[in-house]
Number of protein chains: 2
Amino acid sequence: MESPPTTTSYAILGLLALRSWTTYELTKQAQRSLRWFWPRAERKLYDEPKRLVTAGMATAVAAQTGRRRSTVYSITEVGRRELRRWLGEPSAPPTLEFEGMVKVFFADSGSLEQLRDTLRAIGEEAQRRFDELASRAVEALRGESAFPERIHLSHVGLAFHLEQERATIRWAEWASEQAAQWTTTADPGSWDAAAALRHIIAERL
Amino acid sequence: MESPPTTTSYAILGLLALRSWTTYELTKQAQRSLRWFWPRAERKLYDEPKRLVTAGMATAVAAQTGRRRSTVYSITEVGRRELRRWLGEPSAPPTLEFEGMVKVFFADSGSLEQLRDTLRAIGEEAQRRFDELASRAVEALRGESAFPERIHLSHVGLAFHLEQERATIRWAEWASEQAAQWTTTADPGSWDAAAALRHIIAERL
DNA sequence: CCGTCGATACTGCATAGGGCAGTATCCGGT
DNA sequence: ACCGGATACTGCCCTATGCAGTATCGACGG
């Protein structure tokens, strides 16, 4: 690895610390767990383990299923040490990419109907994600987790994401109610901005 | 523009729909407003308006301050139409990149102290962002906004982000309390996973 | 026994995006 | 006359995404 390891490198390294995986398994696992807080395209997850091997943080063992080759990656002692060290480093602030919110923010270039649809879609998507997380939680309660010895860590993660999605669902409902009082997207009419804002600020702290 | 416009293209187009800007002003404005839901590096914001011009959605006018050149970009009628059309299209689901959460998720490869520090840093960062958003809200209440006719839209956005940060602050506190009960990062000891999870699920819905 | 389909197991390529360094100029204050 | 901060960008290298393409394997149906 000529260039220094990225957060993605350490995310993959973290998965290798749990057990050895083929790249294919690694991509599936990343979809299941990492997706929520470190989403990466499958394509990238095929490159990253190779970099870890170059850096001495992982080893690759070629496997065979009939004529089909596959590669099993495992963490090395160097890798464990590096991972441990990284866990003590300061983190980059979280970043959110939210296309729906871009549409809400520029809603005055479109119609009230478009805004309503955007808000509904945001709420529905959040509900879908909430349900997925909730069913993951229920599975864990039934002991159907892949790493039962790690449920304390997946629980705190789950709690965060459930909170986020729930906040989004409630916000989308509130925003729809507000927008319903507007004359057009560019003119809120008699809608009381100050009252709405006071409500927002009072609600928290 | 040979390749089709991206969400970033439309985000810039949205800003141009408000008024004309030099690229420099555009980057500052994007830092202020778009950063919260569509963060992009300054570098990218210098390229994007050129693409809009190529696509016929904006025009560039060269300006001069003494010997220093600058470019003022404005939206075209085609641009307004395109923006309006885009507002009616379905959006990509939101994605979150949260390095701190990667560290929490893999905390069992490190020490309890590292986990405590990570959770504290997450909470502090969320508090900082909350304060920044809150002061933005207070400015708006005092009528110090750059686009007073658009406060209804910035308010709904502000409400969302305040909610998110507040949820993060509360979660970081809760997670710290949970972690304080664990023996090590790999062993929660007598900590009751099921109780914690029921608490999480009961809390919402 | 053969075809198909979904899962496994990748690679190449074009483009978007990030981060950092570098190059200027302008303006206000000391 | 000089300095520092704001204005106004560009080049370069690397990360990351998305999509298409190439195979093989195993199960199931006809």
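Proteins come first, then strands; the chains are lettered A, B, ... in the order of their sequence lines, and each starts at number 1.
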Please determine if a side-chain N or O atom of B/Ser70 lies less than 4.0 Å away from the OP1 or OP2 oxygen of D/dT7. no
Taking 4.0 Å as the cut-off, does a side-chain nitrogen or oxygen of A/Tyr24 come that near to OP1 or OP2 on C/dA9? no
Using the side-chain heavy atoms of A/Arg68, tell me which of these nucleotides is nearest: D/dT24, C/dT15, D/dT15. D/dT24
Can you tell me if A/Arg51 touches the phosphate of D/dT15, counting only side-chain N or O atoms and a distance under 4.0 Å to OP1 or OP2? yes
Go through C/dA16, C/dA9, D/dT15 for me and flag the one nearest to the B/Thr6 side chain. C/dA16
Distance test, side-chain N/O of A/Lys50 to OP1/OP2 of C/dT11, below 4.0 Å: yes
Quick check for you: among D/dA8, C/dA7, C/dT11, whose closest atom lies nearest to any side-chain atom of A/Arg69? C/dT11
Regarding B/Thr8, tell me which of base, sugar-phosphate or nothing describes its non-hydrogen contacts under 4.0 Å with the strands shown. sugar-phosphate
Please give me every residue in residues 35-43 of chain B whose heavy atoms get under 4.0 Å of an atom in DNA chain C, ordered by residue number. B/Pro39, B/Arg40, B/Ala41, B/Arg43
Counting only side-chain nitrogens and oxygens, does B/Thr22 get under 4.0 Å of the OP1 or OP2 atom of D/dA8? yes
Please determine, for the side chain of A/Lys44, which listed nucleotide (D/dT15, C/dT8, C/dC10) has the closest atom? D/dT15
State whether the side chain of B/Glu99 and the backbone N or O of A/Ala92 hold a donor-acceptor pair below 3.5 Å, judged by distance alone. yes
Have a look at A/Thr71 and say if it touches a base, only the backbone sugar-phosphate, or nothing, with a 4.0 Å heavy-atom cut-off. sugar-phosphate
Please tabulate, for the side chains in residues 146-153 of chain A, all donor-acceptor contacts under 3.5 angstrom to protein atoms that are two or more places apart in sequence or on a different chain.
unit_1   : atom_1 : unit_2   : atom_2 : d
A/Arg150 : NE     : B/Asp108 : OD2    : 2.8
A/Arg150 : NH2    : B/Phe105 : O      : 2.4
A/Arg150 : NH2    : B/Asp108 : OD1    : 3.3
A/His152 : NE2    : B/Thr185 : O      : 2.6

Taking OP1 and OP2 of D/dT24, is either one under 4.0 Å from a side-chain nitrogen or oxygen of A/Thr65? no
Could you pull out all residues at least two apart from B/Tyr73 that satisfy side-chain hydrogen bond (donor to acceptor under 3.5 Å, both in side chains)? none
Per nearest nucleotide of DNA chain D, the residue lying toward the 5' end, B/Glu97 or B/Val72, is B/Val72
Looking at A/Phe160, A/Trp38, A/Phe37, which hits ring pair (Phe, Tyr, Trp, His ring centres under 6.0 Å) with B/Phe98? A/Phe160
